[in-house]
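Working notes, beginning with the structure itself.
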Amino acid sequence: MRVFTASLATETNTFAPLPTGLAAFQQDGTWHPGGSHPAAPTLFAGPLHAARQRARERGWTLIEGLVAAAQPGGTTTRAAYETLRDHILADLRAALPVQLVLLGLHGAMVADGYPDCEGDLLTHVRQIVGPGVVVGAELDPHHHLSAAMLAQADLLIAFKQYPHTDVLERAFELVDLCAAQVVHGRRPVPSVVDCGMAVIVHTTREPAQGFVQRLQALEGQGGVLSISLTHGFPWGDVPDMGTQVLVYTDGRQAEGDALARRLADELIAMRSALDTPWLGIDAALDAALAAPPGLVVIADSADNPGGGAAGDSTFVLRRLVERGITQAALGPLWDPQAVRIAFDAGVGARLPLRIGGKVSPLSGDPLDAEGTVLALQRDMAMRALAGTTQPLGDCALLQIGGTAGQGGVQVVLISRRSQAMGTDLFTQLGCDLAAQRIVVVKSSQHFRAAYAPLAVQVLYCAAPGSVTADLRQLPYRHIRRPKWPIDLPGDMAPGG
């Protein structure tokens with residue numbers, strides 16, 4: 001069997017101020033031309049790694065195309081998307097003939113002139129390979145599920161866990177199910193139900209945890225091949241944004257439709273319980289100080305670079321300093337200029353710095369403070385999801401307030417924008433999390449896999465930012481309405 005694989009992924013926040021250009025992939029993201037992907041996995045190359053293993057086991061001929069991924073950001077430029085798409089399509093043409101195409105995608109990539117990048121890419125792939133070749137793709141659950149994606153792909157499988165700890169498990173499911181299609185000549189039949197809402201499903205807690213477990217228990221039973229939950233990405237203003245349920249069966253359309261409808265109704269019924277308990281900045285800090293002894297983790301979700309935010313907001317940091325809270329740490333804060341100044345000053349230097357607040361009004365005002373440089377490290381990386389690593393560039397640990405490395409707020413400054421995932425973001429620079437009362441992480445949920453086991457409590461802070469928790473503040477122009485919770489429940493149609 002001849003198999004082609006490639007990846008193209010970024011998550012687009014259409015309200016974010018930072019455009020995503022080609023350099024975001026080539027210099028700041030993941031960029032591996034065909035045949036050059038390393039042995040270690042990267043987040044959106046799950047199908048490649050699963051296909052490598054199956055190719056060794058089964059004697060397939062595997063042709064690897066471009067793997068390109070960028071940190072979430074604002075709208076991708078037209079030139080960047082078309083360049084990347086055409087690179088992958090050229091790789092595919094060079095690989096022909098093939099019986100199977102496996103793609104690693106995100107599903108929420110939006111470019112100038114392309115509100116559905118994945119649908120566009122899959123359409124071009126289908127035009128090249130024709131109707132007889134099996135095409136499958138792995139998706140992030142925060143995707144937009146479009147009609148074009150469903151029509152052009154034979155199988156779409158999304159990660160089930162959030163944080164995304166099951167990338168490789170879902171990739172092997174994709175590869176094995178698609179390979180079985182090639183062998184047996186059968187095509188899965190999709191059944192889709194739009195839930196009329198936009199929810200972020202935290203699978204680390206109930207009721208979402210049990211719901212996902214029920215989905216997995218149904219797979220392989222009664223002709224059900226795969227079930228994916230589309231959370232949607234609420235910060236993408238496109239017509240297909242929203243929560244959907246996708247069921248694939250082995251030709252049993254009526255049964256698949258009924259199951260998708262039942263699961264969607266179950267999800268709609270629990271939507272209020274799925275909502276995150278948000279706290280304002282001072283309320284979150286008060287709750288952290290009142291918690292039992294131990295480390296309290298506060299998620300600054302609105303400034304999450306993993307959702308397209310700049311990662312340089314100062315709202316929470318300012319209140320920590322103004323309130324004189326000590327034994328606190330915050331990171332990562334994206335400020336390449338401040339990192340460079342810290343390197344010029346050297347470890348141990350105490351100097352005035354202007355920190356953060358540089359990209360847009362949603363970053364807040366810069367914080368002017370006297371800081372002590374506690375540690376510096378070149379080309380640092382942290383542990384990320386599913387065995388991957390995430391580069392952070394040159395990094396500095398800065399202490400604001402306190403004396404001789406004690407007290408005050410310790411801030412990790414990074415030069416390559418990223419959200420918090422591994423705790424080594426702090427510990428590599430000598431910040432002892434066990435000695436802290438509070439750690440503020442710029443992340444929405446991916447931090448939980450590493451940080452929750454250390455915490456006596458995890459709190460979610462509703463600060464201002466590009467990934468605001470209050471979706472009603474966003475000036476949507478293109479999504480389908482009504483949609484809960486953006487629209488009032490009283491405005492919702494029955495069953496939606």
Side-chain angles (χ1 to χ4, degrees), residues 2-12 14 20 22 25 34 44 47-48 63-70 75-140 142-158 174 177-178 181-182 187-192 194 226 228 230 232-233 236-242 244 246 248 478-480:
R2 287 179 60 86
V3 180
F4 174 81
T5 182
S7 298
L8 176 58
T10 189
E11 183 178 64
T12 301
T14 58
T20 302
L22 197 58
F25 295 85
F44 291 104
L48 180 151
I63 304 97
E64 298 180 8
L66 174 69
V67 173
T75 301
T76 302
T77 65
R78 179 188 291 263
Y81 170 63
E82 291 180 346
T83 298
L84 295 164
R85 177 199 64 190
D86 293 348
H87 191 148
I88 289 174
L89 297 177
D91 288 343
L92 174 59
R93 290 189 185 96
L96 295 176
V98 296
Q99 288 76 50
L100 175 58
V101 175
L102 299 166
L103 300 176
L105 306 175
H106 184 286
M109 183 179 185
V110 180
D112 181 19
Y114 295 93
D116 177 19
C117 290
E118 287 82 2
D120 176 73
L121 174 61
L122 286 165
T123 298
H124 281 81
V125 167
R126 181 59 72 189
Q127 289 171 349
I128 291 171
V129 301
V133 172
V134 174
V135 177
E138 184 178 35
L139 304 173
D140 187 295
H142 303 122
H143 60 265
H144 312 304
L145 186 60
S146 71
M149 293 164 65
L150 287 164
Q152 305 303 332
D154 294 286
L155 188 65
L156 301 169
I157 292 182
L174 176 77
L177 285 170
C178 285
Q181 293 175 48
V182 175
R187 292 293 192 267
V189 174
S191 298
V192 183
D194 187 337
S226 171
S228 289
T230 298
F233 185 63
D237 185 17
V238 294
D240 294 305
M241 189 278 283
Q244 302 186 59
L246 170 61
Y248 282 100
H478 302 295
I479 65 171
R480 297 188 181 96

Original post:
Which pair of heavy atoms, one from G119 and one from A148, lies closest together, and at what distance?
Top reply: CA-CB, 3.9 Å
Original post:
Of all residues at least two apart in sequence or in a different chain, which pass the salt bridge (Lys or Arg N to Asp or Glu O under 4.0 Å) check with D240?
Top reply: R480
**OP:** Output all residues satisfying salt bridge (Lys or Arg N to Asp or Glu O under 4.0 Å) with R78, sequence neighbours left out; order by chain, then residue number.
**Re:** E82
**OP:** Please step through side-chain contact (heavy atoms from CB on, under 4.5 Å) for the pair L156 and L174, ending with a clear verdict.
**Re:** CA-CA 8 Å; L156 301 169; L174 176 77; over 6 Å; no
Original post:
Any side-chain heavy atom of V98 sitting closer than 4.5 Å to one from V3?
Top reply: no
Subject >> T5 vs E64 side-chain heavy atoms within contact, under 4.5 Å >> reply: yes
Original post:
With distance as the sole test, does E11 use its side chain to make a donor-acceptor pair with the main-chain N or O of A108 at under 3.5 Å?
Top reply: no
**OP:** Name all pairs fulfilling the salt bridge (charged side-chain N to carboxylate O under 4.0 Å, His left out) condition that reach into residues 89-106, sequence neighbours left out, sorted by first residue then second.
**Re:** none
Original post:
Listed by chain and number, what are the side-chain hydrogen bond (donor to acceptor under 3.5 Å, both in side chains) partners of T75, not counting sequence neighbours?
Top reply: none
Original post:
Can you tell me how far the CG atom of D86 sits from the CG atom of L121, to the nearest 0.5 Å?
Top reply: 10.0 Å
Original post:
With sequence neighbours left out, which residue pairs that include part of residues 146-156 fulfil the side-chain hydrogen bond (donor to acceptor under 3.5 Å, both in side chains) condition?
Top reply: D116-S146, R126-D154, D154-R187
Subject >> Results of salt bridge (Lys or Arg N to Asp or Glu O under 4.0 Å) for D120 - residues two or more places apart only >> reply: R85
Original post:
If you round to the nearest 0.5 Å, how far is OG of S7 from CG of L84?
Top reply: 12.0 Å
**OP:** Using the test ring-ring contact (aromatic ring centres under 6.0 Å, His included), find all partners of F233 that sit at least two apart in sequence or belong to another chain.
**Re:** W235
**OP:** Please tell me if the side chains of L8 and L66 come closer than 4.5 Å, counting only heavy atoms from C-beta onward.
**Re:** no
Original post:
Given side chains that start at C-beta, do those of L122 and L103 come closer than 4.5 Å, heavy atoms only?
Top reply: yes
**OP:** Check side chain to side chain contact (heavy atoms under 4.5 Å, CB included) between P188 and all other residues, then give those that pass, not counting sequence neighbours.
**Re:** L155, Q181, L225, Y248
**OP:** Mark yes or no for whether H143, through its side chain, and D140, through its backbone, hold a donor-acceptor pair below 3.5 Å.
**Re:** yes
Run the side-chain donor-acceptor check on residues 127-139: report pairs under 3.5 Å with partners two or more places apart or on a different chain.
unit_1 : atom_1 : unit_2 : atom_2 : d
E138   : OE2    : A171   : N      : 3.2

**OP:** Compare every heavy atom of F4 with every heavy atom of I88, then report the nearest pair and how far apart it is.
**Re:** O-CZ, 3.9 Å
**OP:** State which residues pass side chain to side chain contact (heavy atoms under 4.5 Å, CB included) with A80; sequence neighbours excluded, sorted by chain then number.
**Re:** L22, T76, T77
Subject >> For M241 against I479, the heavy-atom pair lying closest together >> reply: CE-CG2, 3.8 Å
Subject >> For R2, all residues meeting salt bridge (Lys or Arg N to Asp or Glu O under 4.0 Å), sequence neighbours excluded >> reply: none
Original post:
With a 4.5 Å limit on heavy-atom distance, are the side chains of V192 and T230 in contact?
Top reply: no
Subject >> Whether S228 side chain and L246 backbone form a donor-acceptor pair below 3.5 Å >> reply: no
Original post:
Hey, what do you get for CE (M109) to OG1 (T12), rounding to the nearest 0.5 Å?
Top reply: 6.5 Å
Subject >> Non-hydrogen atoms of T83 and A79 that approach each other most closely >> reply: OG1-O, 2.7 Å
Original post:
Going by the ring-ring contact (aromatic ring centres under 6.0 Å, His included) test, which pairs reach into residues 90-120, not counting sequence neighbours?
Top reply: F44-H106, Y81-Y114
Subject >> Distance in Å, T10 OG1 paired with L105 CG, rounded so as to fall on 0.5 Å steps >> reply: 12.0 Å
